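Data first, discussion second: the structure below is written as structure tokens.
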Amino acid sequence: METRYNHKEIEEKWLKNWDEQKNFKPRGTQCAASKHFSVVIPPPNVTGALHLGHALNNTIQDILVRYNRKLGKNTLWIPGTDHAGIATQAVVEKRLMQEEKKTRHDLGREELVKRIWEWKDEYETRITNQLKLLGSSCDWDKQRFTLDPICTKAVRHAFFNLFKKGLIYRGKRLVNWDTHLHTAVADDEIYHETVKGHFWTFKYPLADGSGYIPVATTRPETILGDTAVAVHPEDERYKQFIGKTLLVPFVNREISVIADDILVDKEFGTGSVKVTPAHDPNDYATGLRHKLPMLNILNEDGTLNENAGEFKGLKGEKARAAVVEGLEKSGLLLKVEDHEMQVGKSDRSKTIIEPYLSDQWFVKMDMLAERAMQAVESGEIKFTPARYAKNYLNWLGEKRDWCISRQLWWGHQIPIWYSSTRPNINRPDIHYFQAENGDWLVCSLEEDLDENSIEGLKLVRDPDVLDTWFSSALWPHSTMGWPGETEDLKEFYPTSVLVTARDIISLWVARMVVFSQENMDKIPFSDVYINPTILDGNGRRMSKSHGNGVDPLDIIEKYGADSLRFVMCSICTENQDARLPVKKEKQEDGREINISEKFEVGRNFGNKLWNAARFLKPHISSVESGELRVESLEDKWVLSRLNTVIRGVRNAFENYRFSEYASLVYHFVWDDLCSRYLEIKKGEISKESSTLLSHSLYTALDLLHPIMPFITEELNAILFPNSERVILREWPSADENLINAEIEKQFEDIFAIVEAVRSVRGRYSIAPSQKITATIRTSANLESSRNMIKDLSGLSEFDFGENLQHPAFSASAVIPGGEVFVPLEGILNKETEIARLKKEIEKAESFITSLNKKLSNESFVKNAPVAVIDGERQKLATQKDIVEKSQAMLRELEQ
RNA sequence: GGGCAAUUAGCUCAGCUGGUUCAGAGCGUCUGCCUUACAAGCAGAAUGUCAGCGGUUCAAAUCCGUUAUUGCCCACCA
């Protein structure tokens, strides 16, 4: 074995081996545990490669999957990717523009979609590769894509069923329009920016020429789409105008003054509001209340249309400037003020969102949301950390209808065909409705209809596609073959746990519950674990769109997959964020990769384990024989520790406390096993005496496997070649009888002697090679631990006894129930000792003061539990002992 | 504006049911070691008004209120 763990070849070797042995596939229903364990991956978008946030998410899933596989459950993890509608189309269109100076219209729908498929193939391959190198034990034969035939079938069935039930409807609604991508975008695909704008006040002239109403606006170009001006019904200034007619400047359309106490705040601005129902959400609502005309003044690309008269063809700022100029020229402009406002921008195109009236498809959410809320309120679905349930409930509680249509080319095309005449057909797989505008909407379950598919009709397909979350919402059951009645659904549905990020709780988690209840009549998972968000060194969320993503393959290359996984696991605490500063490093071949000191812990730990195994290898004893030689205190101690850790790990898993799991195993291996037990056994190791050491390491490999699958499998193959592979063999269970607090305490007390001597060594810089002696004043019998104490503290010999005189010129240290003296004639420095003793005394005395204060407090003695009071008294005695002994030493030294 | 969190050592973070076994870990720093598993290591050491203020309690890093700063989610006024 090499002195250092070299991850590269070993990772390759085991990826191949596990794959060949089909270890990632379910073991079948005949396996030991009756329960199944299944997970579906939150499908990464094919917009780009994965970053460390995904690595975290998938590490946690893999840890759970490997753990449960070792528990003997029939285990399945389904991998896959998401077509991510608008996001993917946007990146491909962007590249098309950059590289070929072409728009999608230059290519046409078919060609663009072809290009996106090519992009998807490239990134799906990359993502899959990333996941594999991370060690993700997915069943790769079941890999899905939200746009593949299996998922497509599920989408068609889900849509058809909802349509038939009347839960999907079409209507004209005000949507967030991306004028660059020519599509509606969801509320949650918009971010808001504060910009410095203006607040223009102008005259709204009365039609009869008798005067005007002053109206203020931040968006003067929308004047052209005004269909009313609203005032507060109780505003004395404007009461007289209610019902009167105004003329829209420039276009001279007649509109009326309405009274509305919802829209209008008397105190704000001029107290009068222009109403543009087709281009503002509040005005839209007002329009509905007053049955106002909805006048659209925009084209799809955001330019003003023919309704804008002379301004037709202008867009955005230009349109605004022109309108302002026009107002000024005609003497209508009263005032311009600076005004800060929020502007909505599209996540995808970064351009300003225009509220826009168009035909869209919606899912009616009220009933569906209610049921999904129930599942969480009743505890049927449990969030970890629990606080995220609130997130879910708040959002669903709004019960807002879900706009599912997107004016894109990449996605599931809506399975609706329009007909102007009423269909006369009776087929179970075809359903139709009459829309608000009189059209007939024909929905087909599986067959793609063409123009003449149904006799007597001229059919035209809706060009829109579905919101990408529509297919994502089906993911847990679509991946398992719904609507088919598949074996997978029977065995693995519902899934066991969903591991995901908190920012998609509403977008995705909630909708999966909704669709699963609707389609399967079951919840899709009972547990939701929300993993922390990875931030970069500046505290910004790591994401593809921020461009601050770090490729996990960089980290794997530099530190190994196990190190990456170990650190990811350690990061998962109850907290919601984890900062991960990275820096660049140039490689020998000239490439630059991201590295981070954070991962050294994992690498060092792997190396530690590797070297422990390397040391043990010549002395290894077979673990299969089962005979453990448990003789000494340290043997009992290490067994107790081992079983404590096994129990702790189980508990950590049950509560999704991943960092606790990592920390438990880390400290067991490094501190208990390596620094202590192995050091104790080192001197006398043999095949006969190593049974317990072998057993402990063997078990540690099991405990560590979910976090560090590669190195554990490799070490197992080296040390225990006849054993079953770690990935499949049984998870260790704790033997409570071997957990012994008394033994652990005894051991710690003796170890305190070792530490006391070492501390003296440190104080006087005594080289480890220099043997020293000690006198230990204690009532304990140290005979059976003599060798251990000598070896670990570098003593050539020591005396112990209850009433020993301490040697002259000795440094001292207080230990539980006694004192350690190290004679250091010629080395001892009185000043050093005196200073140390004084400090020790000072510390103990301040402690004593606080303990005394507490114990002399009557209410404390009266109210605190007896155990606590006894504990405090015990502490007081210990501290008094320290002071007493230290002062005795001090007196001698000062003589 | 509503909600959720965070603030603990120079850095990144633990600290679950309140009680000096709770003030910790890793990195970094300092001292001494190439001790025949490991220098990616070993041994020792230093470092904190647990953000501020107030409250509850016999007892607060921990519970409550409040202020400040930071992050995220949701909703947004012409």
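Just so it is clear: chains get the letters A, B, ... in the order the sequence lines come, proteins before strands, and each one is counted from 1. Just so you know, these numbers come straight off a predicted model, no measurement behind them.
R289(A) has a carboxylate O that lies under 4.0 Å from a charged side-chain N of D260(A), or vice versa, which qualifies the two as a salt bridge. We find that E354(A) and R219(A) are joined by a salt bridge, their nearest charged nitrogen and carboxylate oxygen being less than 4.0 Å apart.
At a threshold of 4.0 angstrom between heavy atoms, the contacts of R387(A) are confined to the sugar-phosphate backbone, with no base atom among them. Heavy atoms of S769(A) sit nowhere under 4.0 angstrom from any nucleic acid atom. Across all strands shown, I571(A) has no heavy atoms under 4.0 Å from either base or sugar-phosphate atoms. Among the atoms of the strands shown, base atoms are found under 4.0 Å from some heavy atom of V273(A). Note on E398(A): only backbone sugar-phosphate atoms sit closer than 4.0 angstrom, heavy atoms only; bases stay farther off.
Look at the C1' atom in both G10(B) and G28(B): the space between them is 7 Å, to the nearest Å. For the P atom pair drawn from C64(B) and A6(B), the interatomic distance equals 11 Å after rounding to whole Å. C38(B) and C72(B) have their P atoms separated by 47 Å, given to the nearest Å. If you take atom C1' in C58(B) and the same atom in G44(B), they sit 40 Å apart, rounded to whole Å.
Between the side chain of R657(A) and the base of C16(B) there is at least one donor-acceptor pair of N/O atoms closer than 3.5 Å.
Closest contact between the side chain of N575(A) and the listed nucleotides A75(B), A37(B), A14(B) involves A14(B). Proximity note for K608(A) (side chain, C-beta onward) versus G41(B), C58(B), U35(B): the nearest is G41(B). Residue S759(A) places its side chain closer to A45(B) than to any other of A37(B), G26(B), A45(B).
Cation-pi geometry between R641(A) and F668(A) is not satisfied (NZ or CZ under 6.0 Å from the ring centre, within 45° of the ring normal). Cation-pi geometry between R4(A) and W610(A) is not satisfied (NZ or CZ under 6.0 Å from the ring centre, within 45° of the ring normal).
Put simply, S765(A) has no side-chain N or O that comes within less than 4.0 Å of OP1 or OP2 on U31(B). Put simply, K839(A) has a side-chain N or O that comes within less than 4.0 Å of OP1 or OP2 on A46(B).
When the nearest nucleotides of RNA chain B are assigned to R502(A) and V861(A) by heavy-atom distance, the more 5′-ward of the two goes with V861(A).
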